[in-house]
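Just below is one structure, and these are the notes that go with it.
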Amino acid sequence: MAQLEAQDLAQAVVNRMADCQEPRFKQVMTSLVKHAHAFVQDVQLTPEEWMTAIQFLTATGKMCDEKRQEFILLSDTLGISMLVVAIDQARGAAAYKAGNGEDVPTEATVQGPFYWEGAPELELGADIGAGNSGEPCYYHGRVTDLAGKPIAHCALDVWSGDGEGFYDMQKGVNVGMALRARFYTDAQGNYRFWSIKPTFYPVPDDGPVGGMLRRMGRHPNRPGHMHMMLHAPGHERLTTHIFVANSPYIDSDAVFGVRNSLIVDFASHAPGKAADGRVMDKPYHSAHYDFRLVPAA
Ligand code: BEZ
Ligand code: FE
């Protein structure tokens with residue numbers, strides 16, 4: 001039978017994969033085809049709308065290079081990146097059953113496009129905020145396993161935008177790294193460093209995804225946050241942020257990355273001696289957060 005009716009098209013596409021040798025790929029493509037066809041049926045998509053969608057995806061692809069990844073931004077703003085993170089973390093938690101008073105792991109969130117491999121390795125206590133706009137902030141805490149045992153020499157990559165919400169990568173082609181570093185926890189699992197208190201900022205909205213957000217009636221902003229990526233032998237890598245409590249947009253993050261357990265009170269301090277002995281001649285903030293890592297699968 002040569003002719004296929006509209007309602008049979010999805011199954012016909014799936015049937016053509018009879019010779020596919022990769023079970024997982026076949027499963028993913030089968031579901032994708034079925035959901036895509038159901039979506040087109042659901043909204044009764046017109047040829048003009050389908051062409052608009054194709055032009056949008058083409059423009060999105062054209063805005064991707066080593067500095068800009070519009071497709072990841074699309075995934076982020078549609079909540080898909082965060083869904084994938086949540087599924088992955090649930091899978092990890094299911095593989096490792098906490099018990100005997102063990103604590104829950106620190107929650108993960110999106111990585112975002114501004115991670116830059118190869119940030120300088122600095123001594124604990126170093127100030128990566130000096131020379132950048134923004135109010136100084138002292139970050140400190142401890143990294144442990146789920147039983148509370150300290151994890152020594154855990155790599156802690158940190159990065160953020162400046163006090164006006166701009167990342168180094170957004171400041172032009174020849175601007176070097178700023179507001180990012182790698183630290184290692186000490187023998188007791190402690191970390192500490194100085195940076196700035198991050199402010200809210202818009203995700204890049206001068207491309208097709210920005211246009212989509214405007215048509216959807218959405219703002220492009222993320223609440224203030226410090227990115228952190230932790231990695232220690234014998235433990236799963238954790239990519240997360242700590243969020244500034246009371247930051248604008250804490251309840252409407254454009255990429256849906258906020259987790260309640262990652263919201264931190266950034267305490268305000270008058271000038272004087274900080275917890276690490278540094279004497280501050282202007283007001284500053286401090287943020288305390290302890291991380292719990294899952295054992296490697
Ligand atoms: C970020 O937090 O750096 C970010 C995350 C997703 C999209 C854009 C930026
Ligand atoms: Fe960010």
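Note that ligands are numbered from 1 as they come in the structure, with each ligand's atoms numbered from 1 the same way. As a basis for the values below, the full set of heavy atoms in this structure was taken, side chains included, without hydrogen atoms, waters or symmetry mates. Nothing here was measured: the structure is a model prediction, and the numbers come from that model.
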Out of all atoms in ligand 1, which are within 4.0 Å of some heavy atom of Val255? Include the element for each.
6 (C), 7 (C)
Give the atoms of ligand 1, by number and element, whose distance to some non-hydrogen atom of Leu73 is under 4.0 Å.
7 (C), 8 (C)
Apply the side chain to side chain contact (heavy atoms under 4.5 Å, CB included) test between Phe291 and each candidate in Ile151, Thr185, Thr240; give the one that qualifies.
Thr240
Could you tell me if any non-hydrogen atom of His227 lies under 4.0 Å from any atom of ligand 1?
yes
Look only at interatomic distance and state if Gln111 has a nitrogen or oxygen under 3.5 Å from any nitrogen or oxygen of ligand 1.
no
Under 4.0 Å, counting heavy atoms only: does Tyr115 come that close to any atom of ligand 1?
no
Atom 5 (C) of ligand 1 [closest protein heavy-atom partner, distance rounded to 0.1 Å]
Gly112 CA, 3.4 Å
Applying ring-ring contact (aromatic ring centres under 6.0 Å, His included) to Phe114 and Trp159, what does each step give before you reach the verdict?
CA-CA 8 Å; Phe114 298 126; Trp159 70 102; 9.4 Å; no
Strictly under 6.0 Å, is that where the ring centroids of Phe266 and His285 end up?
no
Given the side-chain rings of Trp194 and Tyr284, with only the six-membered ring counted for Trp, is the space between their centroids under 6.0 Å?
yes
At the Fe ion (ligand 2): angle between Tyr201 atom OH and Tyr167 atom OH, to 10 degrees
100°
May I ask you to check whether Tyr138 and Phe193 place their ring centres under 6.0 Å from each other?
no
Can you tell me the N, O or S atom of His227 that's nearest the Fe ion (ligand 2)?
NE2
From His225, does some N, O or S atom reach closer than 2.8 Å to the Fe ion (ligand 2)?
yes
Under 6.0 Å between the ring centres of His35 and His37?
no
How many angstroms lie between CG in Leu74 and SG in Cys64, if you round to the nearest 0.5 Å?
9.5 Å
Applying the side chain to side chain contact (heavy atoms under 4.5 Å, CB included) criterion to Val203, which one of Val209, Leu73, Asn221 satisfies it?
Leu73
With a cut-off of 4.0 Å, which atoms of ligand 1 are near a heavy atom of Phe114?
3 (O), 9 (C)
Go through ligand 1 atom by atom and flag the ones less than 4.0 Å from a non-hydrogen atom of Asp76.
6 (C), 7 (C)
Check for me whether the distance between the ring centres of His225 and Tyr201 falls short of 6.0 Å.
yes
Which residue and atom name correspond to the protein heavy atom nearest atom 4 (C) of ligand 1, and how close is it?
Pro113 CD, 3.5 Å
Report the part of Tyr201 in contact with ligand 1, treating N, CA, C, O as backbone and CB onward as side chain, heavy atoms under 4.0 Å; options are side chain, backbone, both, neither.
side chain
